[in-house]
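What follows is a single structure, written as structure tokens, with notes after it.
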Amino acid sequence: PARAAIRGRGKLNVLAKDFPTPVFDGSETYQEALSLSAKLRAAPRPAKPLKVVIAGAGLAGLSTAKYLSDAGHIPIVLEGRDVLGGKVAAWKDEDGDWYETGLHIFFGAYPNIQNLFKELNIQDRLQWKEHSMIFAMPDSPGEFSRFDFPDIPAPWNGIIAILRNNQMLTWPEKIQFAIGLLPAIIFGQKYCEEQDNLTVTEWMRKQGVPDRVNDEVFIAMAKALNFIDPDDLSMTVVLTALNRFLQERHGSKMAFLDGAPPERLCQPMVDYFTAKGGQVIMNARLKDIVLNDNGTVKHYALTNGQTVEGDIYISAMPVDIMKLLTPEPWKKMAYFNQLNGLEGVPVINIHIWFDRKLTTVDHLLFSRSPLLSVYADMSTTCKEYHDDKMSMLELVFAPAKDWIGRPDEEIIDATMKELERLFPNEVKADQSLAKIRKYKVIKTPRSVYISTAGREAFRPTQRSPIKNFYLAGDYTKQKYLASMEGAVFSGKLVAEAIIDDLAAAPVAVAAEKSAVPASV
């Protein structure tokens with residue numbers, strides 16, 4: 001069905017409709033992703049495949065396993081919980097309804113993820129939405145403002161989308177913001193990375209951009225990108241996103257996964273590398289990284305008393321867990337010591353099932369609320385959660401640092417007050433209109449690394465100074481920062497580092513028999 005809304009500001013009632021998968025082949029970043037995948041597939045086959053033990057079955061760990069299997073090696077993935085996905089994990093409740101750790105959006109500017117979906121032959125699991133960005137209007141409850149991108153090459157599609165929206169920014173503000181962005185446009189990613197010492201707010205003022213631009217657009221954008229406010233967020237994060245959106249025709253286009261990530265994305269990755277001889281062991285929580293006398297890794301010790309040996313070891317665990325498990329002799333090394341400058345950001349994800357269908361939009365929505373970041377009616381946007389009669393809203397509560405320790409009931413009460421503003425004719429905080437059938441509040445005390453100003457200096461490369469130990473994760477050095485794309489890309493970079501190191505100096509194969517047999 002056609003879109004039933006006018007451009008710009010107004011009430012929206014958009015019928016559910018998915019759009020064709022964009023053509024990414026012309027993108028330079030997509031070609032880079034293809035090239036790296038091809039390099040890993042073409043790596044010289046080892047005389048004897050190395051057994052690579054990976055701690056963590058999130059996107060970084062599973063990506064690492066997938067691409068190492070492409071290079072002819074045998075990954076063994078250890079997951080401490082009973083669910084795949086790490087930061088994209090999800091569970092079913094007693095009614096069989098899924099609830100997730102986050103509201104996960106797949107951007108066109110995620111070339112390695114788009115390439116991964118194609119390699120796994122699951123591209124049809126992404127539900128692409130209209131090329132728009134939609135913001136709630138705080139001063140006009142129930143109304144929204146759109147940035148609609150025409151189907152023309154970048155950067156003109158983005159420029160036109162901004163120029164055609166006159167509700168959020170005035171023409172003088174647009175001009176001042178454009179002038180402020182000129183260095184990023186001219187000097188590209190290098191300039192973006194050099195701005196890490198400035199917060200978004202500091203950079204805006206330095207460039208002479210009016211504070212209202214920050215208030216109208218970048219508070220919402222900062223909370224969507226890293227769950228914190230622009231007074232704290234590194235400008236590198238925002239400039240990197242804008243750089244991709246302005247340089248790639250489909251960069252800002254968004255897709256929803258058609259179901260829960262553990263089943264619809266993570267399991268196909270597991271199926272892929274286990275078919276090549278790899279292995280996943282669930283409920284295998286790491287207790288210690290046990291060292292040899294020379295400081296290299298001897299084995300991983302698990303909390304259940306078992307040990308797992310391999311030729312190479314990788315941590316794909318969150319940075320906060322890696323810091324806790326860093327062996328004492330390693331802590332003095334600058335490489336591992338720098339991890340102390342990184343920590344995960346608190347995140348709260350909320351699911352509310354209502355007793356009726358709300359007037360909805362088949363898209364991600366920027367709430368522009370003091371308490372909420374983004375939200376979506378998953379009963380409309382996602383096939384597995386589809387319901388014609390009752391809505392299920394998924395909302396990101398951010399910043400969450402002052403709320404993470406509060407009772408779920410308080411968080412839901414605060415959320416309902418915000419929803420009353422967003423749905424004034426349908427939702428009241430006292431539930432006199434739409435009533436809550438049930439809810440889930442999922443708290444992650446430490447999620448993706450918090451991208452405050454100056455964090456880039458603390459992010460490690462994937463290759464550690466320990467010859468048989470590597471790191472993977474969105475916090476490791478890669479240009480897609482704290483994102484799903486960053487996690488997947490870090491896995492490919494680990495695989496590349498291992499392949500390159502093997503080519504330079506083949507390692508001796510460790511003991512042939514693991515302390516954990518392949519059947520476990």
Side-chain angles (χ1 to χ4, degrees), residues 1 4-5 10-18 90-105 127 129 134-138 140-144 224 254 256-261 347-398 400 403 406-443:
K11 297 182 186 299
L12 294 180
N13 184 13
V14 181
L15 299 177
K17 176 186 176 182
D18 292 336
W91 300 264
K92 278 187 176 180
D93 67 10
E94 58 277 6
D95 300 319
D97 293 320
W98 285 99
Y99 56 98
E100 305 182 21
T101 50
L103 178 49
H104 308 296
I105 299 299
Q127 294 180 249
K129 305 304 177 182
I134 307 174
F135 293 76
M137 299 296 290
S140 302
E143 295 189 3
F144 298 83
M254 303 178 214
F256 288 75
L257 191 62
D258 66 359
V347 175
I348 299 173
N349 200 53
I350 299 169
H351 297 250
I352 303 178
W353 287 263
F354 286 99
D355 67 347
R356 66 195 67 185
K357 192 74 171 176
L358 303 176
T359 302
T360 191
V361 179
D362 185 17
H363 216 295
L364 180 76
L365 297 168
F366 294 83
S367 75
R368 299 176 75 207
S369 151
L371 297 180
L372 302 177
S373 169
V374 292
Y375 70 96
D377 187 341
M378 300 298 281
S379 69
T380 297
T381 61
C382 176
K383 289 178 182 176
E384 186 163 354
Y385 308 153
H386 178 76
D387 191 327
D388 283 328
K389 297 180 179 179
M390 293 183 284
S391 286
M392 188 275 276
L393 297 188
E394 186 172 348
L395 314 101
V396 179
F397 198 102
W403 289 83
R406 297 197 193 184
D408 292 355
E409 294 78 12
E410 284 188 28
I411 294 170
I412 290 297
D413 287 345
T415 300
M416 286 296 288
K417 290 175 183 176
E418 294 301 309
L419 290 179
E420 180 174 339
R421 181 181 61 80
L422 294 169
F423 299 89
N425 299 318
E426 300 172 275
V427 176
K428 296 296 181 185
D430 62 4
Q431 297 189 54
S432 57
L433 295 177
K435 293 177 174 53
I436 297 177
R437 293 193 293 123
K438 62 180 179 179
Y439 64 80
K440 285 285 186 181
V441 177
I442 303 92
K443 299 174 181 176

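Note that these values count all heavy atoms, side chains included, but never hydrogens, waters or copies made by symmetry.
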By side chain to side chain contact (heavy atoms under 4.5 Å, CB included), which residues pair with E384, not counting sequence neighbours? W98, E263, R264, C382
Heavy-atom closest pair, residues F144 and A136: CD2-CA, 3.7 Å
Does the side chain of L433 come within less than 4.5 Å of V427's, by heavy atoms? no
Looking at residues at least two apart in the chain, or sitting in another chain, which of them share a side-chain hydrogen bond (donor to acceptor under 3.5 Å, both in side chains) with W91? none
Check: T381 main-chain N/O paired with Q127 side-chain donor or acceptor under 3.5 Å: yes
Under 30°, 30 to 60°, or over 60°: which ring-plane class applies to F366 and F135, parallel, tilted or perpendicular? parallel
What's the separation between atom CG in D413 and atom CD in Q431, rounded to the nearest 0.5 Å? 8.5 Å
Can you tell me how far apart CG (L103) and NE2 (H351) are? Round to the nearest 0.5 Å. 8.0 Å
With a 4.0 Å cut-off, would you call D388 and K357 a salt bridge? no
Pairwise side-chain contact, I350 with E394, heavy-atom cut-off 4.5 Å (strictly under): no
I'd like to check M378 versus F256 (side-chain heavy atoms, cut-off strictly below 4.5 Å). Are they in contact? yes
So D18 and K129, do their side chains get closer than 4.5 Å, heavy atoms only? yes
Verdict with reasoning, W353 to I436, per side chain to side chain contact (heavy atoms under 4.5 Å, CB included): CA-CA 6 Å; W353 287 263; I436 297 177; over 6 Å; no
Would you check, one step at a time, whether the test side chain to side chain contact (heavy atoms under 4.5 Å, CB included) holds for I411 with K443? CA-CA 11 Å; I411 294 170; K443 299 174 181 176; 3.7 Å; yes
Nearest 0.5 Å, what's the CG-CG distance between L419 and L371? 10.5 Å
Any residue meeting side-chain hydrogen bond (donor to acceptor under 3.5 Å, both in side chains) with S391, in chain and number order, not counting sequence neighbours: D377
Could you report the tightest heavy-atom contact between P424 and K428, atom names first, then the distance? O-NZ, 3.3 Å
Test log, rule side chain to side chain contact (heavy atoms under 4.5 Å, CB included), inputs M137 and R368: CA-CA 7 Å; M137 299 296 290; R368 299 176 75 207; 3.7 Å; yes
Just how far is it from atom CD of E410 to atom CD1 of I412, taken to the nearest 0.5 Å? 11.5 Å
Is it the case that the side chain of D258 and the backbone of K383 share a donor-acceptor pair, with hydrogens and angles ignored and the cut-off at 3.5 Å? no
Does any non-hydrogen side-chain atom of I348 lie less than 4.5 Å from one of V441? yes
Partner set under side chain to side chain contact (heavy atoms under 4.5 Å, CB included) for D95, not counting sequence neighbours: D93, D97, K438
With the threshold set at 4.0 Å, does a side-chain nitrogen-carboxylate oxygen contact exist between E418 and R421? yes
Partner residues of S367 under the side-chain hydrogen bond (donor to acceptor under 3.5 Å, both in side chains) criterion, sequence neighbours left out: none
side-chain hydrogen bond (donor to acceptor under 3.5 Å, both in side chains) involving Y375 - partner list, sequence neighbours excluded: none
Which value, rounded to the nearest 0.5 Å, describes the distance between L395 atom CG and S373 atom OG? 10.0 Å
Is the centre of the F397 ring less than 6.0 Å from the centre of the W403 ring? yes
Residues P141 and P138: closest non-hydrogen pair is CD-O, 4.2 Å
Test item: R356 and K389 side chains (from C-beta on) under 4.5 Å apart, heavy atoms: no
Evaluate V361 against T380 for side chain to side chain contact (heavy atoms under 4.5 Å, CB included), listing each step before the verdict. CA-CA 8 Å; V361 179; T380 297; over 6 Å; no
Value rounded to 0.5 Å, distance of OG1 in T360 from CZ in F423: 6.0 Å
Note, P261 side chain near H104 side chain (heavy atom, < 4.5 Å): yes
